[in-house]
Every structure is written in C-alpha cells, then in structure tokens.
Amino acid sequence: MLKEGYQKYIPFQQINLPDRTWPNHTITQAPTWVSVDLRDGNQALIDPMNLEEKLDFFKLLVDVGFKEIEIGFPSASETEYEICRALIERNLIPDDVTIQVLVQAREHLIRRTFEAIHGAKNVIVHFYNSTSTVQRKVVFHTDMQGVTDIAVNAAELIRKLTEQEIAATGMNIRYEYSPESFSGTEMDNAVYICEKVLDALGATAENPTILNLPNTVEMCTANTYADQIEYFIRHLPGRERAIISIHPHNDRGTGVAATELAMLAGAERVEGTLFGNGERTGNVDIVTLALNMYSQGVDPKLDFHDIRHVREVYERCTHMQVPPRWPYGGDLVFTAFSGSHQDAINKGFAYMQEHDNEYWEMPYLPIDPADIGREYEPIIRINSQSGKGGAAFVMHHTFGFDLPKEMHGEFGAMVQKACDESGRELLPKEMLAIFRREYLEIDRPYQLKSYRLYEENAGSSVDVPRVHFEGNIRFGDADHFVNATGNGPIDAFFKALAQAGVTGYTFVNYREHAISRGSDSKGVSYIHLRDEHGRDFFGVGIDGNISLASIKGILCAINRSCRAETKA
Ligand code: KIV
Ligand code: ZN
C-alpha cells in the first residue's frame with residue numbers, strides 16, 4: 001500500500017544512449033524561430049486576445065524578425081477563423097513571412113482550416129494528435145496503431161487538399177506534424193508514427209516535412225529531453241526528409257535549458273513564445289533563448305534592441321506581466337543591490353572606458369543593457385545592503401557627478417543612513433537631494449558674497465602668471481573684505497581666507513570636471529581638506545567658472561568642518 005506523497009510518482013524513463021554526442025556540441029547558429037504566441041500563448045490567457053490585439057502582436061512579431069508565426073487554430077472558433085481571414089484579406093502578412101495554423105488530426109477541422117487559409121501566400125499546416133503512453137491509456141483507449149492511423153489519415157487528407165489548392169491557386173503550403181506529448185511517448189513509437197506520416201505526406205529531402213517534437217508537459221531533466229531528440233534523429237529512417245523542430249514547455253522551470261540542450265542534440269527549429277507565456281508554466285521563452293545566444297557572441301537573428309517596446313506590446317495584448325526578475329526583460333535584472341556587486345560593476349564600467357574595450361567584460365551583467373535599449377535605467381539601486389561604490393555610481397551615471405574615490409565612503413554612509421532610517425530603497429533623486437543638502441546648499445558660517453579673480457601678469461612671456469583674489473566673505477553678521485595673490489586661484493583664496501581669520505586647514509587634494517546639461521555646461525570641483533586635528537573634510541562647488549567652482553568647494557569643506565565641530 002502506497003503512502004500519500006512522493007511515492008506515488010513514477011520516475012521518468014531514461015533513454016538508453018550511452019554514446020550520446022550532444023554534450024560535445026556548441027550552439028553556433030540560430031535555429032528557425034517560430035512564435036506560437038498567437039496560438040499556444042493565446043490559448044492560455046484568461047481573456048484571449050481580440051482581433052486588434054492579435055493584429056498588434058502579429059506586427060510586433062514581424063518587426064522582431066520572426067519568419068514563421070503560428071497565428072491560431074482557425075477551425076477552433078469563429079473568432080480564430082476571422083482573425084486568420086483578417087490577416088490574409090487585409091494583406092498584413094509580409095511576403096517573407098509564413099503563417100502557421102494548427103489543427104487536430106480530424107477531417108472536418110482540417111477542411112475548415114483549408115477554407116481559413118485560402119489566399120495566403122505561404123502557409124504551414126500544422127496537424128497533431130497525441131501519442132503518449134498515458135494519453136493512449138487513459139484518454140483514447142487505443143494502441144499505437146490506433147493513433148498512427150489517425151495521423152496517417154489526416155496526413156493523406158492534408159496532402160490531397162494541399163495538392164488541390166496548389167493546383168488552383170499556386171499557394172505555397174508546407175506541412176508540420178506534431179506527435180503531441182512526444183516526450184511522454186516511447187521513443188521507438190514516436191519514430192514509427194513520424195515515419196508513417198512522412199510517407200503519407202510524400203516528404204522528400206527537397207520538400208521536407210517539419211516534425212515537431214513537443215515537450216508538451218516537461219517531466220524530465222533537460223538532458224533527458226536532449227537524449228530523446230538525439231535518439232529520435234538517429235533512428236528516424238530518411239531523416240533528411242524532415243526538419244526537426246522542438247516545442248518545449250516549462251513545467252519543471254527548465255524549458256530554456258531543455259531547449260538549449262535539444263538544440264545541441266540536433267533540433268533545427270524552435271517553437272516558443274515571448275516571455276514564456278503559454279499553458280500552465282508556459283512555453284519556452286524565446287526572448288531568453290535568443291539573448292542567451294547573443295551573450296555568447298552568436299547572432300540570434302531576432303531583434304530585441306528595444307525590449308521595453310516588446311514588453312509593452314506583450315503586456316498590453318496579453319494582460320500578463322513580465323515578472324521583475326524575468327531574464328533580460330524584468331525590471332530588476334540590470335540592477336545590483338549588493339555592495340560588492342555594485343563596486344565590481346562600477347570598476348567594470350571604468351575599465352571598459354579606460355581600455356576602450358572591444359569586448360564586454362563586465363562582472364555581474366551578462367549583457368550590455370544598452371544593447372536591448374535599457375541604457376538609461378539606473379543600473380545600480382541603493383538600499384541598506386549597498387556599498388559605498390553604489391551611491392557614487394548612481395551619482396556618476398545618473399547625474400554626472402564623478403565623485404573622487406576618497407569621497408565614496410563619506411557619501412555612501414550618508415545614503416546608507418537614509419536607507420536605514422526610511423527602511424527602504426533610495427531613489428536616485430533622493431540621493432541627489434542628500435548630495436545637494438550635504439554639499440551644495442551649505443553656506444554657513446562662511447558665505448562668499450562677492451569676488452573678483454584675475455591673473456596679475458597675464459600675457460607676460462617672462463613671468464609665471466599670479467592669480468589675484470579679492471572679495472567679500474560674510475561670517476556671522478560681518479562682511480570681511482579680503483584680497484591676496486597666489487600661484488593659482490586655490491592658493492590665492494587660501495591666503496585671502498587667512499586674512500578673515502580662517503586658518504588651520506591643509507589642502508589635500510582636488511578633482512574637477514565639466515558637468516553639462518544641454519548647452520548649460522558647468523564645472524564641478526571636489527575639494528579635500530584636512531583640519532589641524534587631522535580630520536578630513538570634503539567640499540563641492542559648482543560654477544560656470546571652474547576656478548570659482550574650486551573656491552566654492554573650499555568654502556563648502558570649511559563650512560562642513562565648522563558644522564561638524566558644532567555638532568560635536
Ligand atoms: O504542447 C504541445 O504539444 C502543443 C502541440 C499542439 C504542438 O502545443
Ligand atoms: Zn504547446
């Protein structure tokens with residue numbers, strides 16, 4: 001007597017293929033991609049797409065580059081029939097695109113399907129019946145010969161109707177047969193029925209039939225599906241009469257892996273959907289497959305340069321949502337929260353820039369987000385887990401402030417504190433607000449009320465130019481007029497400050513760069529000072545005049561040191 005639980009499940013039958021070759025292969029070229037969004041994907045929606053949605057989705061698939069698109073199941077309902085007619089009669093199918101229609105291996109449905117496709121230029125008639133051990137036993141109560149007869153009868157009818165249609169209209173009609181639940185069928189039986197179907201259709205090497213081998217319900221590990229594909233191909237008599245297609249679902253969450261391994265095993269054609277919509281846990285996700293290939297330096301022959309648009313149309317038409325962590329398309333997939341990841345990405349970007357690197361060598365980001373139109377997203381987001389580099393990265397990449405390394409720790413700590421206090425992620429604009437408050441809006445106790453800066457011996461070919469600073473510095477209620485000359489603006493200003501009694505600071509370092517927003521180009525200066533107790537203070541100044549930006553930065557650092565003193 002079985003206990004309830006895992007004991008009631010029968011382990012999947014392994015394939016006897018000790019000399020399998022697929023593990024030694026590599027994916028080097030794109031398969032023929034087939035979108036089944038408008039059929040398998042659509043069948044799985046709570047509210048199937050209406051005509052307008054299907055037409056919009058079809059246009060998207062064409063734009064992305066699909067050359068074979070399963071548009072529906074026209075014999076299944078009036079709506080499906082009308083959609084097929086609309087595509088044909090409104091001339092919406094480009095000449096280089098083949099539409100595919102699905103039909104069960106049943107006479108009246110096949111006849112109706114031929115009515116639906118009339119007038120189309122290129123069509124694949126895709127017929128199927130279920131062949132799996134369990135379906136034969138519990139659904140059809142028939143043996144292998146029974147299901148083979150169903151498939152062969154359908155094939156003969158389809159061949160006859162096709163030959164009539166070609167003779168009458170010159171349409172280009174190709175055949176596809178799916179032994180539905182292929183992966184749940186004994187492999188020798190799958191080979192047997194497919195051979196009989198090829199014979200019935202008159203398939204030849206010149207005019208091959210598509211044999212589609214669905215993983216209708218994913219019940220085994222990906223390597224076993226690959227074994228099945230390799231076994232099938234090896235044992236199929238007249239293999240050259242067939243194009244081997246696969247149609248993986250994702251019940252175990254390994255649809256992508258199963259597809260990739262099945263391609264290694266010889267699959268030439270892949271049916272799937274965008275973002276993996278489809279029955280139960282979905283069909284295999286073609287976006288992921290294609291971009292996985294892209295990330296290996298292989299041209300996937302599908303264009304996802306604007307993945308946001310692809311996602312927008314997908315979500316609008318299907319009323320489904322791409323989850324935030326979905327490969328390539330999800331909101332969070334080009335985002336790093338962890339500090340060490342952020343630091344590494346930060347360094348990666350710097351390295352790529354410094355070395356003008358031809359190749360993408362970037363920790364934690366398998367592809368360049370910019371390649372799929374995501375370059376403007378905040379690549380790094382900040383929460384209380386984030387490290388000092390993350391906040392600096394956002395300031396640089398979102399707002400153009402390239403903080404010197406020595407400042408990263410101080411600014412990172414301010415941001416982290418704000419995260420801890422709010423208990424949530426901090427948005428870039430909130431980081432900018434902290435930066436403004438802490439560095440740009442500090443004008444107490446010292447305020448620069450007016451200034452003049454000029455070179456004393458400008459134009460002289462003999463003397464090294466000396467810079468003169470004069471201006472009014474307000475401290476408390478009093479204005480101090482100061483003026484001094486130095487080797488450069490910073491030196492002159494330090495000397496002038498001393499006249500106002502501001503002493504005890506050593507200049508440690510500075511960094512400056514231009515920061516531009518359109519035509520409004522300014523200079524930003526980061527100043528690092530040390531007080532007489534050895535404490536470090538940073539200041540930031542922004543101005544159209546880079547020398548004045550440094551002067552403002554010095555005053556900012558001094559004001560911040562005074563503030564620290566007051567707080568202490
Ligand atoms: O999953 C499946 O087996 C199918 C067939 C009809 C091809 O969708
Ligand atoms: Zn399917």
Side-chain angles (χ1 to χ4, degrees), residues 31-45 48 66 68-77 80 84 98-106 109-110 113 123-136 139-140 147 150-151 154-155 158 174-187 189-190 193-194 197 209-220 222 225 228-229 232 242-256 258-259 262 267-286 289 318 320:
T32 300
W33 299 113
V34 187
S35 154
V36 295
D37 290 87
L38 301 176
R39 196 279 298 172
D40 219 348
N42 188 52
Q43 277 181 325
L45 294 176
F66 285 95
E68 296 184 11
I69 301 173
E70 190 162 85
I71 57 162
F73 200 147
S75 62
S77 72
E80 287 283 283
C84 180
T98 299
I99 56 164
Q100 177 168 313
V101 285
L102 183 74
V103 61
Q104 274 174 10
R106 294 170 70 186
L109 299 179
I110 292 170
T113 302
V123 182
I124 295 169
V125 175
H126 176 191
F127 66 109
Y128 74 97
N129 65 327
S130 190
T131 56
S132 71
T133 324
V134 69
Q135 295 242 30
R136 295 193 319 259
V139 183
F140 301 112
V147 292
I150 292 171
I158 287 171
R174 291 156 61 205
Y175 310 128
E176 172 171 343
Y177 172 65
S178 292
E180 203 234 67
S181 301
F182 158 82
S183 51
T185 306
E186 307 81 347
M187 281 305 103
N189 281 339
I193 192 167
C194 286
V197 166
T209 286
I210 300 161
L211 288 180
N212 187 47
L213 309 177
N215 207 359
T216 303
V217 182
E218 186 182 50
M219 295 179 300
C220 57
Y225 185 52
Q228 291 180 322
I229 301 299
F232 179 90
I243 294 168
I244 302 300
S245 176
I246 52 173
H247 176 108
H249 279 263
N250 190 38
D251 298 78
R252 295 166 57 94
T254 54
V256 166
T259 306
E268 304 154 286
R269 184 179 184 272
V270 173
E271 296 192 346
T273 58
L274 300 184
F275 305 113
N277 179 42
E279 290 286 16
R280 307 177 307 282
T281 52
N283 288 69
V284 70
D285 172 16
I286 290 191
L289 288 170
T318 61
M320 299 287 291

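Keep in mind that this is a model prediction, so the values were computed, not measured. Order of appearance sets the numbers: ligands from 1, and atoms from 1 within every ligand. We number each residue from 1, following the sequence as shown.
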Using a plain distance cutoff, I'd like to know if N212 has any nitrogen or oxygen under 3.5 Å from a nitrogen or oxygen of ligand 1.
no
Which ligand 1 atoms does H249 reach within 4.0 Å, using its non-hydrogen atoms?
1 (O)
Give the atom numbers and elements of ligand 1 that come within less than 4.0 Å of a heavy atom of P214.
2 (C), 3 (O)
Side chain to side chain contact (heavy atoms under 4.5 Å, CB included), that's the test. Do F182 and I193 meet it? Break it down for me.
CA-CA 11 Å; F182 158 82; I193 192 167; over 6 Å; no
Mind checking whether E271 contacts ligand 1 via backbone (N, CA, C, O), side chain (CB onward), both or neither, at a 4.0 Å heavy-atom cut-off?
neither
Check against side chain to side chain contact (heavy atoms under 4.5 Å, CB included), T113 and F127:
CA-CA 10 Å; T113 302; F127 66 109; over 6 Å; no
Quick one: which of D40, T216, V217 has a heavy atom closest to atom 3 (O) of ligand 1?
T216
Sub-4.0 Å heavy-atom approach of R39 to ligand 1
yes
Under the salt bridge (Lys or Arg N to Asp or Glu O under 4.0 Å) test against R39, which residue among E80, E68, E279, E70 passes?
E70
Would you check whether S178 has a nitrogen or oxygen atom less than 3.5 angstrom from a nitrogen or oxygen atom of ligand 1?
no
Side chains of R269 and S245: do they bring a donor and an acceptor to under 3.5 Å?
yes
E271 N/O/S atom closer than 2.8 Å to the Zn ion (ligand 2):
no
Report yes or no: does E176 contribute a side-chain atom to a donor-acceptor pair with the main-chain N or O of N212 at less than 3.5 Å?
no
Verify the distance criterion only: is there a donor paired with an acceptor across the side chains of T133 and E186 at less than 3.5 Å?
yes
Do N189 and T131 pass the side chain to side chain contact (heavy atoms under 4.5 Å, CB included) test, and can you show the C-alpha distance, the side-chain angles, and the key distance before you say yes or no?
CA-CA 8 Å; N189 281 339; T131 56; over 6 Å; no
Shortest protein heavy-atom distance from atom 4 (C) of ligand 1, along with the residue and atom involved:
H247 NE2, 3.4 Å
Using the Zn ion (ligand 2) as the vertex, how large is the angle between NE2 of H249 and OD2 of D40, rounded to 10 degrees?
100°
Give the atom name of whichever N/O/S atom in H247 sits closest to the Zn ion (ligand 2).
NE2
Step by step, would you call T281 with H249 a side-chain hydrogen bond (donor to acceptor under 3.5 Å, both in side chains)?
CA-CA 7 Å; T281 52; H249 279 263; over 6 Å; no
Heavy atom under 4.0 Å from ligand 1: found in E176's side chain, backbone, both, or neither?
neither
